[in-house]
Amino acid sequence: MSDIPANLTWERAAPPEATGPGPWIELAFGDDDFVYIRETSDPENVVTTTRKKWDAFVLGVQAGEFDHFVEGVEGFEGSAGSETSEGSAGPEGSEAAGPRRP
């Protein structure tokens with residue numbers, strides 16, 4: 001996609017203990033109020049959203065709005081309000097949802 005800024009800094013949204021090539025999700029926050037999202041296995045396929053929508057998504061993850069998607073998945077630690085073994089990221093961002101917005 002030609003309208004993706006060349007100067008983006010991509011951050012991998014993976015657990016700290018994650019090893020190997022993934023595939024992992026990577027995020028980049030542009031100067032143009034867009035958030036760019038891609039998968040390491042297909043880095044040319046980039047999806048965009050606005051920072052406002054990204055922030056709403058992160059708040060939804062923190063609030064447990066998407067927990068039903070992972071019920072029964074091995075390693076899932078609980079529902080909204082419960083801390084995982086890694087602790088809580090607080091109201092400003094969520095490690096589960098990726099890096100914090102600059």
Nearest 0.5 Å, what's the [atom1]-[atom2] distance between [X] and [Y]?
X	Y	atom1	atom2	answer
Phe34	Thr49	CZ	OG1	8.5 Å
Ile25	Arg12	CD1	CZ	10.5 Å
Asp33	Thr48	CG	OG1	11.0 Å
Tyr36	Glu26	OH	CD	15.5 Å

With heavy-atom distances below 4.5 Å as the criterion, would you say the side chains of Ile37 and Trp54 are in contact?
yes
Side chains of Arg51 and Phe29: does their closest heavy-atom pair fall under 4.5 Å?
yes
Flag yes if Leu8 and Val46 sit in one hydrophobic cluster, no otherwise; membership is Ile, Leu, Val, Met, Phe, Trp, Tyr, and two members link when side-chain heavy atoms are under 4.5 Å apart.
yes
Can any side-chain N or O of Arg38 pair as donor or acceptor with the backbone N or O of Trp10 at less than 3.5 Å?
no
Locate the shortest heavy-atom distance separating Thr40 from Pro23; write the atom from each residue and the value.
OG1-CA, 3.3 Å
For a quick test of reading the model, state the closest non-hydrogen atom pair linking Trp24 to Ala14 and the distance between them.
CE3-CB, 3.6 Å
For the aromatic rings, using the six-membered ring if either is Trp, is the centroid distance between Phe66 and Phe57 under 6.0 Å?
yes
Exceeds 12 heavy-atom contacts within 6.0 angstrom, atom CG of Asp31:
no
